[in-house]
Amino acid sequence: MTRIHSKLDSLASRVVDSNESREEDDLADDDAIFAELEAEIENIHDSVVRDQGLQLLRLQMQGAKDMQENAHGRYMEITNEKEAIRISASESRCVIHFYHTNFRRCEIMDKHLAQLAPKYFATRFIRVFVENVPWLVEKLAIQVLPCLMCFVDGVSKDRLIGFEELGNNDVFETAVLELRLANSGVLQKSRSPLESGLTYNISSSNTRNLRTSGGQTNQDDDEFDL
């Protein structure tokens with residue numbers, strides 16, 4: 001069964017791939033692996049183990065497809081505020097990056113989150129442009145960018161503001177961010193990815209007045225107060 005579990009993990013990871021589009025050959029390979037796994041399980045003499053194996057295979061493959069349809073394993077942008085709220089409330093684990101296009105550190109955060117999303121299938125990773133989600137910005141009191149909000153079972157559990165907890169340096173390893181998010185409980189890595197009072201209305205003048213945490217007014221500085 002160890003070899004079957006190994007193949008099952010590989011197949012599940014392929015189905016919940018971070019690429020949005022896949023070649024027909026890749027999909028055919030998935031079908032072939034699934035058929036091979038099903039045949040191997042069918043040959044198990046112990047009927048109880050065989051039935052459990054087949055049930056697990058089918059459940060995991062259905063779970064993989066469901067997760068793929070719900071964009072698990074991908075880091076993506078949500079432009080509709082109601083959809084962002086729905087995701088934060090409905091997903092068991094969710095990380096939301098509040099960003100602005102003018103802020104360099106938001107781009108750096110994007111690169112690290114894009115690496116983490118395929119690794120933690122059970123967590124939904126999204127980003128939202130602050131101008132698109134004024135109600136959320138006010139409700140969550142988002143004042144400094146970049147800001148990560150961590151939700152577990154629809155409840156806000158933690159937030160990461162700027163890079164201070166990541167070494168306060170633009171050059172840091174993704175593993176540092178990974179550990180920080182893991183400490184908040186928003187990341188869950190199992191053996192198999194399937195077993196488990198501010199209104200922000202920016203204008204050009206407002207953008208010029210966004211401040212760094214040190215009070216400066218440089219648009220391309222490190223961290224910015226809204």
Under a 4.5 Å cut-off applied to non-hydrogen side-chain atoms, are [X] and [Y] in contact?
X      : Y      : result
Phe98  : Leu136 : yes
Ile96  : Leu140 : no
Phe125 : Leu116 : yes
Ile87  : Arg124 : yes
Ile161 : Leu148 : no
Asp110 : His97  : yes
Val95  : Tyr120 : no
Ile142 : Arg159 : yes

Handout entry: Common cluster, Leu179/Leu113, ILVMFWY with side-chain heavy-atom separation under 4.5 Å
Key = no
Exercise for the section: Would you kindly confirm whether Val137 and Trp135 end up in one hydrophobic cluster when ILVMFWY residues are joined by side chain heavy atoms under 4.5 Å apart? Expected result: yes
Fill in the blank from the handout: Hits for side chain to side chain donor-acceptor pair (under 3.5 Å) against His112, two or more places apart or cross-chain, chain-then-number order -> Thr174
Practice task
Could you pull out all residues at least two apart from Glu165 that satisfy side-chain contact (heavy atoms from CB on, under 4.5 Å)?
Solution key: Leu160, Arg180
Completion exercise
Across all chains, not counting sequence neighbours, the side-chain contact (heavy atoms from CB on, under 4.5 Å) partners of Ser92 are Asp153
For [X], check salt bridge (charged side-chain N to carboxylate O under 4.0 Å, His left out) against everything at least two apart and list the hits.
X     : answer
Glu83 : Arg86
Glu77 : Arg127
Arg93 : none

So how far is it from [X] [atom1] to [Y] [atom2], rounded to the nearest 0.5 Å?
X      : Y      : atom1 : atom2 : answer
Cys106 : Phe129 : SG    : CZ    : 9.5 Å
Met109 : Leu177 : CE    : CG    : 5.5 Å
Leu166 : Arg105 : CG    : CZ    : 9.0 Å
Ile108 : Asp170 : CD1   : CG    : 4.0 Å

Problem - Gly154 backbone acceptor or donor facing Glu91 side chain under 3.5 Å - result: no
Practice task
Compute whether any side-chain donor of one residue and acceptor of the other, for Tyr99 and Glu107, lie under 3.5 angstrom apart.
Solution key: no
Non-hydrogen atoms of [X] and [Y] that approach each other most closely:
X      : Y      : value
Gly185 : Val152 : O-CG2, 3.9 Å
Ser88  : Cys94  : CA-SG, 4.3 Å
Leu187 : Ala182 : CD1-N, 3.8 Å
Asn132 : Thr79  : CB-O, 3.6 Å
Phe163 : Pro146 : CE1-CG, 3.8 Å

